[in-house]
Amino acid sequence: MPQSHTMRVIEISKPGGPEVLVTAERAVPVPGEGEIVIRVAYAGVNRPDTLQRAGSYAPPPGASDLPGLECSGVVAEIGPGVSRWHIGDKVCALLPGGGYAEYVTTPAAHALPVPEGMDLRAAACLPETYFTVWTNVFDRGRLQAGERFLVHGGSSGIGTTAIQLAAARGARVFATAGNAEKCAACTELGAEVAINYREANFVEVLKAEGGANLILDMVGGSYLPRNVNALADDGRLVQIAFLTGPKVELNFAQLMMRRLTITGSTLRPQSVVAKARIAESLEREVWPLLATGRIAPIIDSEFAMEDAALAHARMETSEHIGKIVMKVSG
Ligand SMILES: NC(=O)c1ccc[n+]([C@@H]2O[C@H](COP(=O)([O-])OP(=O)(O)OC[C@H]3O[C@@H](n4cnc5c(N)ncnc54)[C@H](OP(=O)(O)O)[C@@H]3O)[C@@H](O)[C@H]2O)c1
């Protein structure tokens, strides 16, 4: 149980640049039915947080207005109907929002144990990208061992997770990234080929290999028709963002002639039950790989919570490789 009824948080004072993130005091949240309160040790920083701050990605109804989609920490309070967790358990959790704070509530089913041998700093970097990659690459995208998998933004938080997981599960991984250093990071993580998109055409590289069986894309815009061209027959394209825009002219005849699938999803608005199912799959299929150290989060940089604006500015330079994390307490 928290000693004080108020906590330090980072608020979005108004839509805008990183400077609109300000430290404030709020009431410590109370857990509802099926929820836990976590005393946050570290909070992961994700690109959607910067979009929320800028005013272009509103939290879903009922979610905290505070940014922060993932954290690690210690269970501080338990709501009615929760049997799995006990006060003092070390967890990492997917959050509907509110992670930039000393305490946060989340459905108990969206928390996972900190993988064996991993510290809280690294564990904070797991939930958002692992939930997203699992549901889009393996559930929706049905990636199989031996298939050719292309991930754009290979050096991003999502990309570094997707490369490692896909390679660990036996896929042949191709990644795109914007400079030589990022490309080197992608190959170090398990990509067979890293394509510097400023110097080479990923469509030609993939076509020479027989096409991609699955593409995970966050870029959109002009990449949409190029992704379709880069797919093998029966290939799948999974869209998780449209960093360069969602509207484009596309010849859909190829979908029919080559039996292609275009799909996509966003994690945050999905139901508590749907996200709990993803958590179950991760604990069964992925947590053992994390415990062996076969895969691990790649951490670019750490900031104090009070420096949230600097963390966002770092993300918006796009110079980072992997995850940005904030230390909140302890
Ligand atoms: N659908 C979902 O459920 C879901 C969940 C989480 C995240 N996402 C999305 O997934 C993407 C990656 O998230 P993240 O947290 O891993 O972010 P991140 O680390 O900041 O990655 C974004 C990457 O995209 C690349 N990029 C290409 N074109 C870009 C552009 N026009 N503007 C900015 N970056 C561009 C950058 O790499 P280069 O320098 O190599 O271009 C950058 O590293 C974001 O778009 C995020 O909104 C979706």
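Here, residue 1 is the first one in the sequence, and each next residue gets the next number. Ligands are counted one by one from 1 in listed order, and the atoms in each one are counted from 1 as well.
Under the 3.5 Å distance criterion, with hydrogens and angles disregarded, a donor-acceptor pair is assigned to the side chains of Tyr100 and Asp49. A side-chain N or O of Thr6 and one of Glu25 form a donor-acceptor pair less than 3.5 Å apart. Using a 3.5 Å distance cut-off with no hydrogens or angles, the side chains of Asn229 and Gln254 do pair a donor with an acceptor.
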Kindly list each side-chain donor-acceptor pair under 3.5 angstrom involving residues 9-19, sequence neighbours excluded, with atom names and distances?
{"residue": "Glu11", "atom": "OE2", "partner": "Arg26", "partner atom": "NE", "Å": "2.9"}
{"residue": "Glu11", "atom": "OE2", "partner": "Arg26", "partner atom": "NH2", "Å": "3.1"}
{"residue": "Ser13", "atom": "OG", "partner": "Val20", "partner atom": "O", "Å": "2.7"}

N or O contacts of ligand 1 with protein under 3.5 Å, please list pair by pair.
{"residue": "ligand 1", "atom": "1 (N)", "partner": "Ile240", "partner atom": "O", "Å": "2.9"}
{"residue": "ligand 1", "atom": "1 (N)", "partner": "Ser265", "partner atom": "O", "Å": "2.8"}
{"residue": "ligand 1", "atom": "3 (O)", "partner": "Leu267", "partner atom": "N", "Å": "2.8"}
{"residue": "ligand 1", "atom": "15 (O)", "partner": "Arg47", "partner atom": "N", "Å": "3.0"}
{"residue": "ligand 1", "atom": "16 (O)", "partner": "Gly157", "partner atom": "N", "Å": "3.0"}
{"residue": "ligand 1", "atom": "16 (O)", "partner": "Ile158", "partner atom": "N", "Å": "2.8"}
{"residue": "ligand 1", "atom": "19 (O)", "partner": "Gly157", "partner atom": "N", "Å": "3.1"}
{"residue": "ligand 1", "atom": "19 (O)", "partner": "His320", "partner atom": "NE2", "Å": "2.7"}
{"residue": "ligand 1", "atom": "20 (O)", "partner": "Arg47", "partner atom": "NE", "Å": "2.8"}
{"residue": "ligand 1", "atom": "20 (O)", "partner": "Arg47", "partner atom": "NH2", "Å": "2.8"}
{"residue": "ligand 1", "atom": "20 (O)", "partner": "His320", "partner atom": "NE2", "Å": "3.2"}
{"residue": "ligand 1", "atom": "39 (O)", "partner": "Lys182", "partner atom": "NZ", "Å": "2.5"}
{"residue": "ligand 1", "atom": "40 (O)", "partner": "Gly178", "partner atom": "N", "Å": "2.8"}
{"residue": "ligand 1", "atom": "41 (O)", "partner": "Tyr197", "partner atom": "OH", "Å": "2.5"}

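Side-chain rings of Tyr197 and His152 stay apart, their centers remaining 6.0 Å or farther from each other.
The cationic atom of Arg148 (NZ for Lys, CZ for Arg) does not lie both less than 6.0 Å from the six-membered ring centre of Phe174 and within 45° of the ring axis.
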